[in-house]
Enquirer: 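Starting off with a structure, shown below.
Just so you know, these numbers come straight off a predicted model, no measurement behind them. Quick note on labels: first sequence line is chain A, next is B, and so on, each numbered from 1.
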Amino acid sequence: MLGLSKKDLTFLLIVAVLTLCAPFLLNPFPTDSAMAQFNAGYPDLMQRFVIFGIFAIGFNILFGLTGYLSFGHAAFLGVGSYSAVWMFKLLSMNVLPAILLSMIIAGLFSVLIGFVSLRRSGIYFSILTLAFAQMSFNLAYSVLTPITNGETGLQLTLDDPRVLGQSATPQGGIPVTSLFGIEMRATHELAVGGWTFQFNAGYYLCAIVMILAFYVALRIFRSPFGLMLRAVKSNQNRLNYTGLNPKPYTLAAFVISGVYAGLAGGLLASMDPLAGAERMQWTASGEVVLMTILGGAGTMIGPVLGAGFIKYFENIFSKINDTVLHQWFAFMPDGMEDFFVFLLHPFVGKGWHLTLGILFMLVVTFLPGGLVEGGQRIARLLRRERTDSNDRPDPEHHPRETPHVAE
Amino acid sequence: MGILEVKGVNKRFGGLQALGDVNLSVAENTVHAIIGPNGAGKSTLLNCLVGKLIPDTGSVMFDGQSVLGRTPYEINQMGISRVFQTPEIFGDLTVFENMVIPAFAKRDGAFRMHAFESVANEKDICIMAEQMLVDVNMQDKMHMHSASLSRGDKRRLEMAMCLLQEPRLLLLDEPTAGMARADTNNTIDLLKEIKQKRDITIAIIEHDMHVVFSLADRITVLAQGTPLVEDVPENIRGNPKVREAYLGEAA
Ligand SMILES: Nc1ncnc2c1ncn2[C@@H]1O[C@H](COP(=O)(O)OP(=O)(O)O)[C@@H](O)[C@H]1O
Ligand SMILES: [Mg+2]
């Protein structure tokens, strides 16, 4: 069904169900409990999870499949955001045309940047993409100010034309983004026992788009095109001598990942209609690289996991300050309490980067395949324990199983 | 007129004259062996035929068309396939996937964007790939990671990938180097069988004289970048110039 094998279909369904149930799954702690600050089930953060998930899924089509490491993909995200905000300013507050324009403009942009950057490979390709992105970032701050509104960032105002909508609401405010009348900020709260779950229209739009994006990526991974991309990564020389031109394949992958980035940028602007140049900065480009590698480059679900992980740390760990730590260790004698707070202090609050950095180093060192490999190892351990009593064939003399890109 | 005509090819690497005025004519549907001591320029010559290197002077014609100035994939699409001295395969892919790629190249040309079909649904491609694996007796290794194959099997896989494209000219650079005797004999049998089944021209570089004399219709001896003699195998065996070239190397 849907052009997928049974295994992939199950996989897609699991991802879809988990994504759609996220408001429950990410809020495991009762609202009043001390652990409530670890809850991630609020609209703002959930939107970020799936939007950056989309960004990383797209990035993985380029990096995971072809091995071309772009350090400039945030530029496409930024371009997508600007396009969407312009659509809100000029056309209407409907997110659909805005998102479409984001994808188109980011796509055109990536054709240009990809065409030039892909003349080189390896580190030179990475540097070229980085240079282009930094150039876009600096231009956005300087000569392109009429389009980007420079440092302030592009925002909606009361005198935007919005030809198909209204410049201002009857109350005199700036209208909000919506999808055919459903406001993106609309949130339904559900209180069950001590828990509060929030269902946000914007999140569900992003979630559905992410499931679609995931589905498209899954099809690409299984397609002859996807196989060619993996061949590009494996041995371009052989590809050339097999009568295949690697260039258009890599460029297509580059543009597809650019469109994904534009889509993510458009969604970001649809949830919160402003766009700033900092979205294009190299740190933002680096972030998606980290997400992909942390989760597992070349795997289907890895980039989404990586995106979730990093966004979780950024938003949750950064909020744990010394006051919170003191609360946690309040039950201890004073000296010990201070000691533990002192010990943990560098790793939380503003120090969340340190925690993430250490985590990243551990993953890359011990799990080169990222979090996905970690999951696979655990699964294998469990399976082995179950079958240990039976005769196990000698693993040394068994043909190595093919690693499956789906996992 | 041979299917491959090399005329007056020169190639220098800095001060080194790797190829000096090479003329070579390979007749259609024959096996032409190129032998010579190490460093004679055999691999360099092949590189000039497939677009990896561009000769400084001279011309290379395949089936009446010049290959010079064309990219390797264009030359391959003209009908020339090449097996490398060190096997060039897709090490990250399975043996089966390795075979599927040339099948697509053969059917669809240099670029086609099927991003939404699934490889498993391309029945004709899968059948082609599987059949070729059966032909080279590697069907039991179909789902193995190709990087974990033995060196001999990697060569066999690479050869199968080339044969699947049904090239008109197959270039083999020391295809049996590093193979066990049995594998070498299998390779000879495979090439003989392919030769029997369909029209194919083979140019083979080989050190193993057993292979050369089992397969070749004509032999060119290359020494220091220049063809020394070209003749049928019987005459090469006793040729004093050839002995000198090889003995010169040994001394
Ligand atoms: N890319 C290159 N750059 C410089 N010298 C090269 C290059 N390729 C080959 N050579 C030199 O050209 C000569 C012929 O090499 P090659 O064609 O590989 O010999 P053969 O395959 O007959 O053993 C050797 O001396 C080798 O060192
Ligand atoms: Mg050689």
Enquirer: With a 6.0 Å cut-off (strictly less than), is the heavy-atom count around CZ of B:Phe13, excluding the residue itself, greater than 12?
Expert: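 Check passes, neighbour count above 12.
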Enquirer: CZ of B:Phe104 to CZ of A:Phe225: how many Å apart, nearest 0.5 Å?
Expert: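 B:Phe104 CZ to A:Phe225 CZ: 13.0 Å, rounded to 0.5 Å.
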Enquirer: Yes or no on side chain to side chain contact (heavy atoms under 4.5 Å, CB included) for B:Ile101 and A:Leu244, after CA distance, side-chain angles and deciding distance?
Expert: CA-CA 9 Å; B:Ile101 287 172; A:Leu244 291 158; 3.5 Å; yes
Enquirer: Distance check, rounded to the nearest 0.5 Å: B:Asn76 atom CG versus A:Leu239 atom CG?
Expert: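 Those atoms lie 10.0 Å apart.
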Enquirer: Near A:Lys247 NZ, under 6.0 Å, is it more than 12 heavy atoms from other residues, nucleotides or ligands?
Expert: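 Counting other residues, nucleotides and ligands, NZ of A:Lys247 stays at 12 neighbours or fewer.
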Enquirer: Check whether B:Gln165 gets within reach of chain A through its side chain, its backbone, both or neither, counting any heavy atom under 4.5 Å.
Expert: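 Looking at B:Gln165, just its side chain touches chain A.
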Enquirer: Against chain B, work out which of A:Leu229, A:Asn237, A:Ile256 has the most heavy-atom pairs shorter than 4.5 Å and name it.
Expert: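 The answer is A:Asn237.
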Enquirer: Calculate, to the nearest 0.5 Å, the distance between atoms CE and CZ belonging to A:Met228 and B:Arg112 respectively.
Expert: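 So the CE of A:Met228 and the CZ of B:Arg112 are separated by 10.5 Å.
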Enquirer: Should the heavy atoms of other residues, nucleotides or ligands under 6.0 Å from CZ of B:Arg107 be counted, would the total exceed 12?
Expert: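 Buried by this count: over 12 neighbours within 6.0 Å.
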Enquirer: Counting heavy atoms not belonging to B:Arg12, are there more than 12 under 6.0 Å from its CZ?
Expert: yes
Enquirer: Give, for atom CG of B:Asn121 and atom OG of A:Ser223, the distance between the pair rounded to the nearest 0.5 Å.
Expert: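 So the gap between those two atoms works out to 11.5 Å.
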Enquirer: Sort B:Ile89 into side chain, backbone, both or neither according to what part of it lies under 4.5 angstrom from a heavy atom of chain A.
Expert: backbone
Enquirer: Just one of B:Glu158, B:Lys52, B:Glu88 clears the side chain to side chain contact (heavy atoms under 4.5 Å, CB included) bar with A:Tyr241, so which one?
Expert: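 Single pass found, and it is B:Lys52.
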Enquirer: In terms of heavy-atom pairs under 4.5 Å with chain A, which of B:Gln77, B:Lys141, B:Glu74, B:Met161 leads?
Expert: B:Gln77
Enquirer: Which atom pair, heavy atoms only, marks the closest approach of A:Pro224 to B:Ser118?
Expert: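 Looks like CD-C, 4.3 Å.
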Enquirer: Could B:Glu117 and A:Arg219 be called an ion pair, given the rule that one side-chain N must be under 4.0 Å from one carboxylate O?
Expert: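 Not counted as a salt bridge, because no side-chain N and carboxylate O are separated by less than 4.0 Å.
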Enquirer: Go through the steps for B:Leu93 and A:Arg230 under the test side chain to side chain contact (heavy atoms under 4.5 Å, CB included), then give the verdict.
Expert: CA-CA 8 Å; B:Leu93 308 184; A:Arg230 283 161 61 215; 3.6 Å; yes
Enquirer: For B:Ile54, does the CD1 atom sit with more than 12 other heavy atoms under 6.0 Å from it, leaving out its own atoms?
Expert: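 Open.
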Enquirer: Hey, is CZ on A:Phe254 packed in by over 12 heavy atoms from elsewhere, all under 6.0 Å?
Expert: yes
Enquirer: Please find the pair of heavy atoms, one from B:Asp92 and one from A:Ser234, that lie closest to each other, and give the distance.
Expert: N-OG, 3.1 Å
Enquirer: Report the C-alpha separation of A:Leu227 and B:Glu97 in whole Å, then their side-chain angles, then the decisive distance to 0.1 Å, and conclude whether the side chain to side chain contact (heavy atoms under 4.5 Å, CB included) test is met.
Expert: CA-CA 8 Å; A:Leu227 182 64; B:Glu97 286 169 330; 3.9 Å; yes
Enquirer: Side chain, backbone, both or neither: which part of B:Met78 has a non-hydrogen atom closer than 4.5 Å to chain A?
Expert: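 Looking at B:Met78, nothing touches chain A.
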Enquirer: Please classify the contact of B:Val83 with chain A as side chain, backbone, both or neither, using a heavy-atom distance under 4.5 Å.
Expert: backbone
Enquirer: Output the distance between atom OG1 (A:Thr242) and atom CZ (B:Phe90), rounded to the nearest 0.5 Å.
Expert: 4.5 Å
